[in-house]
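So the structure is just underneath, and the comments pick up after that.
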Amino acid sequence: MLDDHYEFLSRVPSGRVVFVVYNAGHSLHGLDLFPLPPGVVSIVAQLRGSQRHIVAPYAGTVPLLPGQQGTFAVDLQPGTTYAMVSFIRDPSDGSSQALKGLAAQFTTTARRP
């Protein structure tokens, strides 16, 4: 992850997936992973708009200092959309890092045999 976005593979398979998260930014960052139910607006639209859908975090990292790495494994369901978000507050202005770009989502693909 960088200061203003997550970099990840464009295709994330379903099944057991190990996330290796590296903070390549200059600030403390984190990653919380959430499943998004069908029909829910995108995570970016939820963060910037008034429509919210409450979901519990599924997995994630502890806050990582610049240069630190975190790892976690999860079982992802096929065809499910997941959101990645950092809710850590930016020390320079107190705003959520999610609003500065540390929010993204992906939909899992079928795992190849």
Side-chain angles (χ1 to χ4, degrees):
M1 70 188 105
L2 296 165
D3 291 326
D4 61 354
H5 69 279
Y6 292 111
E7 289 184 352
F8 59 98
L9 298 175
S10 61
R11 296 174 49 92
V12 179
S14 59
R16 176 62 52 106
V17 175
V18 177
F19 285 80
V20 178
V21 182
Y22 179 74
N23 183 353
H26 297 96
S27 303
L28 185 72
H29 295 305
L31 185 152
D32 286 316
L33 184 69
F34 300 84
L36 294 178
V40 171
V41 299
S42 76
I43 192 64
V44 172
Q46 288 188 55
L47 290 166
R48 298 198 183 286
S50 60
Q51 184 178 358
R52 302 279 194 282
H53 187 89
I54 306 301
V55 292
Y58 183 56
T61 66
V62 297
L64 301 171
L65 292 168
Q68 284 187 317
Q69 177 176 297
T71 304
F72 63 92
V74 290
D75 293 318
L76 302 178
Q77 299 301 311
T80 300
T81 300
Y82 294 88
M84 300 180 292
V85 181
S86 176
F87 291 111
I88 294 173
R89 296 277 178 195
D90 188 319
S92 66
D93 62 11
S95 65
S96 171
Q97 292 178 352
L99 293 173
K100 294 184 172 194
L102 280 177
Q105 67 186 51
F106 61 88
T107 300
T108 55
T109 62
R111 178 161 297 281
R112 294 184 183 169

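Starting from 1, each residue takes its place in the sequence as its number.
For Arg16 against Ala73, the heavy-atom pair with the smallest separation is CD-CB, 3.8 Å. Scanning both residues, Leu33 and Tyr82, for their nearest heavy atoms gives CD1-CB, 3.9 Å. Of all heavy-atom pairs spanning Ala103 and Val44, the tightest one is O-CG2, 4.1 Å. Contact detail for Tyr22 and Gly67: the closest heavy-atom pair is CE1-O, 3.2 Å. Annotation for Leu102 and Met1: closest pair CD2-CB, 4.4 Å, computed over non-hydrogen atoms. Closest non-hydrogen pair, Pro66 versus Asn23, comes out as N-ND2, 3.5 Å.
Between atom CG of residue Asp4 and atom NZ of residue Lys100 there is a gap of 10.5 Å, rounded to the nearest 0.5 Å. Rounded to the nearest 0.5 Å, atoms CZ (Arg89) and CG (Leu28) are 13.5 Å apart. With rounding to the nearest 0.5 Å, the separation of OG in Ser42 from CD in Gln105 is 5.0 Å.
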- request: For the pair Val17 and Leu9, evaluate side-chain contact (heavy atoms from CB on, under 4.5 Å) and give the outcome as yes or no after the intermediate values.
  value: CA-CA 12 Å; Val17 175; Leu9 298 175; over 6 Å; no

Review point. Stepwise, does the side-chain contact (heavy atoms from CB on, under 4.5 Å) test hold for Arg48 with Leu99?
Key: CA-CA 7 Å; Arg48 298 198 183 286; Leu99 293 173; 4.1 Å; yes

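The aromatic rings of Phe34 and Phe87 lie perpendicular to each other, with more than 60° between the two planes, well past the 30° mark.
Hydrophobic clustering (ILVMFWY, side-chain heavy atoms < 4.5 Å, transitive): Val62 and Leu31 are in one cluster. Val85 and Val21 fall into different hydrophobic clusters, defined by Ile, Leu, Val, Met, Phe, Trp and Tyr side-chain heavy atoms under 4.5 Å apart, directly or through other members. Residues Tyr58 and Phe72 fall within the same hydrophobic cluster, defined by Ile, Leu, Val, Met, Phe, Trp and Tyr side chains chained together at heavy-atom separations under 4.5 Å. Follow the hydrophobic side-chain contacts under 4.5 Å out from Phe8 and you never reach Ile43; the two are in separate clusters. Taking hydrophobic clusters as Ile, Leu, Val, Met, Phe, Trp and Tyr residues chained together by side-chain heavy-atom distances below 4.5 Å, Met84 shares a cluster with Val12.
A donor-acceptor pair under 3.5 Å is absent between the side-chain atoms of Gln46 and the main chain of Val40, judged by distance alone. The backbone N or O of Thr109 sits less than 3.5 Å from a side-chain atom of Ser14, completing a donor-acceptor pair. Counting only distance, with no hydrogens or angles, the side chain of Thr108 and the backbone of Gly79 share a donor-acceptor pair below 3.5 Å. Under the 3.5 Å distance criterion, the side-chain polar atoms of Tyr6 are matched with a main-chain donor or acceptor of Ser86. A side-chain donor-acceptor contact under 3.5 Å links Asp3 to the backbone of His26.
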